[in-house]
Every structure is written in structure tokens, then in C-alpha cells.
Amino acid sequence: MDTIQFLLQYILHIDTYLIAFVSQYGVLTYALLFAIIFCETGLVITPFLPGDSLLFAAGSLAATPNHPLNIQLLFLLLTFASILGNKTNYFIGRAVGPKVFSAKNSFLLNKKHLDQAHRFYEKHGGKTIILARYIPIIRTFAPFVAGVGYMGIKQFSLYNIASAVLWIASLLYAGYYFGSLPIIRDNFSMVIYGIIAISLLPPVFAFIYHQSCART
């Protein structure tokens, strides 16, 4: 519980932590942000790392005078981190998928489910990769499952790049243009709550839709 409370406080006050880090370490902040985005998108064991809130906070900090962060450099570095993270996650899934889903008699981990995942990602993989970027935790697992399901490498690479550019640009520049406004800066925790709530809406709507379809 203490760990969860710490993570929640960290995410809600990420602007304060980021300002403190920049003040102490300066341009090394680029390396920290790169590492966080890479790990959050590239390693299935770190889905708890901040993504949306971190990008918004970094963008707002780049708009603040007397801070060394450059918005264009942030965009390039974090887009590359996001592309590289997803690609790494994809190849991990591609490598472990056949080994994990090799049991013939297992209900969950049998080859039939691997084949189903492959068919799903061949048909819907593109929009899944793009939409998953905006959903916490799901964006960490989506490229891994794409690799497990053997989504075509060319198809994955195309949507991986497109989704990274859209995700990084939308949140980073939203923070840059709006995060420095007094009303946003003075209510930053509420803004983070809003970002989290909006990012959770797609799976909620999808659940409601499937529930309604199941009743008809």
C-alpha cells in the first residue's frame, strides 16, 4: 500500500519532482526522461511508470523560462525512446511467444490462443498499437502481445512510428502550450487527474459496449 501511495503521489506531483531534478542535474534530465519512456513502453515489468503525465509535465517545464529543456530536442529524443521501447517489447514477445504458448493441454497458454492473437493483430493491429499509446498499462503490453501474436514486422514498424509521433507530440506540446498557464500550473494535480481519467475512458467505453452487445 505504501508503494502504491508513493507512486500516486509521485505521478500527481511529477512537475515538482521534475523541477527538482532539472535544478540539480540540468541536461541529465534528458537521459532520465529517455530512460523512463523507454522502460515504460519497452519492458512489461514496468507498466507503472508515468507516461502521459510525464510528457505533459516535461512540456510545461520546457516552456518555463530559465530551464535548460528544449522542446524540439525533447520531442526527438522521447519519440525515439518510444519507438525503440515498443520495438524492443515487440521482439521480446516474438521471442518468448512460441515458448510460452507451446502447451497443448493448457487452457490459457496453448497454441490456439497464439494463432488467435496472430489473426487479431493482422486484422486490427494497426489501430490497436495507436490507441494503446493513450491507455496506461495497455500501452506497455500491446507491443509485447503484438510480438507474441506475430504481427507482421513491417506493419508493426509503420504503426509503431506513427503512434509514437502522435503520442509524444500531442502530450508534450499540450504541456508546452498550456502547462505554463497560471490556471493549469496552480491546479496541476487536478490536470493530472483529468489526463488519467481521459486515458481510462476508451477501455471503460469498450467494456460498456461489449456488455450491452452481450445482452442483446
Side-chain angles (χ1 to χ4, degrees), residues 7 10-11 14-15 17-18 21-22 27-63 69-96 121 124-149 151-179 191-192 195-196 198-203:
L7 288 173
Y10 174 74
I11 292 172
I14 195 169
D15 57 325
Y17 289 103
L18 198 54
F21 192 93
V22 171
V27 294
L28 286 179
T29 307
Y30 289 115
L32 173 69
L33 296 175
F34 184 97
I36 292 175
I37 294 298
F38 172 80
C39 291
E40 202 240 357
T41 57
L43 305 175
V44 293
I45 60 173
T46 53
F48 53 84
L49 290 174
D52 300 337
S53 56
L54 179 70
L55 293 172
F56 189 88
S60 63
L61 189 58
L69 299 182
N70 178 275
I71 190 66
Q72 283 78 23
L73 183 56
L74 276 175
F75 170 71
L76 292 174
L77 283 176
L78 300 185
T79 298
F80 179 65
S82 181
I83 293 171
L84 185 62
N86 258 26
K87 201 68 172 285
T88 301
N89 216 344
Y90 169 86
F91 279 117
I92 293 174
R94 198 175 177 98
V96 305
Y121 270 87
H124 305 289
K127 61 184 178 184
T128 300
I129 296 299
I130 291 176
L131 292 175
R133 288 285 193 183
Y134 294 92
I135 307 174
I137 300 179
I138 300 298
R139 68 169 153 262
T140 304
F141 289 99
F144 177 81
V145 177
V148 169
M151 180 181 179
I153 182 65
K154 291 183 178 179
Q155 182 189 20
F156 175 81
S157 297
L158 173 64
Y159 287 103
N160 179 30
I161 295 172
S163 64
V165 171
L166 288 171
W167 180 51
I168 299 296
S170 60
L171 286 160
L172 192 66
Y173 284 101
Y176 184 77
Y177 289 112
F178 301 111
V191 173
I192 298 302
I195 292 174
I196 295 172
I198 292 172
S199 66
L200 293 176
L201 285 178

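Atoms considered below: every heavy atom in the structure, side chains included; atoms not considered: hydrogens, waters and symmetry mates. If you're wondering where the values come from, they're calculated on a predicted model, not measured in any experiment. Count residues from 1 along the sequence.
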*Just jot down the side-chain contact (heavy atoms from CB on, under 4.5 Å) partners of Leu76, sequence neighbours excluded, or say none.*
none

_Holding to side-chain contact (heavy atoms from CB on, under 4.5 Å), I want the full list of residues that pass it with Phe80, two or more places apart in sequence or in another chain._
Phe34, Leu84

*Is it true that a side-chain atom of Tyr30 and a backbone atom of Asn70 form a donor plus acceptor pair closer than 3.5 Å?*
yes

*Using the test side-chain contact (heavy atoms from CB on, under 4.5 Å), find all partners of Ala169 that sit at least two apart in sequence or belong to another chain.*
Phe75, Tyr173

_Nearest atoms (heavy-atom pairs only) where Ala58 meets Leu69_ = O-CD1, 4.5 Å

Atom pairs and distances, donor-acceptor, side-chain atoms in residues 36-43, under 3.5 Å, two or more places apart:
{"unit_1": "Glu40", "atom_1": "OE1", "unit_2": "Arg139", "atom_2": "NE", "d": "3.1"}
{"unit_1": "Glu40", "atom_1": "OE2", "unit_2": "Arg139", "atom_2": "NE", "d": "2.8"}
{"unit_1": "Glu40", "atom_1": "OE2", "unit_2": "Arg139", "atom_2": "NH2", "d": "3.3"}
{"unit_1": "Thr41", "atom_1": "OG1", "unit_2": "Ile37", "atom_2": "O", "d": "2.8"}
{"unit_1": "Thr41", "atom_1": "OG1", "unit_2": "Phe38", "atom_2": "O", "d": "3.3"}

*Measuring from Ile129:CD1 to Ile161:CD1, what's the distance to the nearest 0.5 Å?*
12.5 Å

*Between Leu131 and Ile135, what is the shortest heavy-atom contact and its length?*
O-CG1, 3.7 Å

*Residues two or more places apart in sequence or in another chain: which of them pass ring-ring contact (aromatic ring centres under 6.0 Å, His included) with Phe21?*
Tyr25

*Determine, step by step, whether Val148 and Phe144 satisfy the side-chain contact (heavy atoms from CB on, under 4.5 Å) criterion, reporting the C-alpha distance in whole Å, the side-chain angles of both residues, the deciding distance to 0.1 Å, and the verdict.*
CA-CA 6 Å; Val148 169; Phe144 177 81; 3.7 Å; yes

*Value rounded to 0.5 Å, distance of CG in Leu158 from CD1 in Ile153*: 11.5 Å

*Roughly how far, to the nearest 0.5 Å, is CD1 of Ile71 from OH of Tyr177?*
8.0 Å

_Partners meeting side-chain contact (heavy atoms from CB on, under 4.5 Å) with Ile137 (sequence neighbours left out)_ = Pro47, Phe141

*Look up atom OG in Ser60 and atom CG in Leu55, then write down how far apart they are to the nearest 0.5 Å.*
11.0 Å

_side chain to side chain donor-acceptor pair (under 3.5 Å) partners of residues 158-170, not counting sequence neighbours, each pair once_ = Asp52-Trp167, Asn86-Asn160, Arg133-Asn160, Arg133-Ser163, Tyr134-Ser170

*Within a strict 4.5 Å, meaning less than it, do heavy atoms of the Leu78 and Leu33 side chains meet?*
yes

*Determine yes or no for a side-chain-to-main-chain donor-acceptor pair under 3.5 angstrom, with Ser157 supplying the side chain and Lys154 the backbone.*
no

*Taking side chain to side chain donor-acceptor pair (under 3.5 Å) as the test, write out the residues that go with Asn89, two or more places apart.*
none

*Mind listing the closest non-hydrogen atom pair of Gly152 and Tyr90 along with its distance?*
C-OH, 3.9 Å

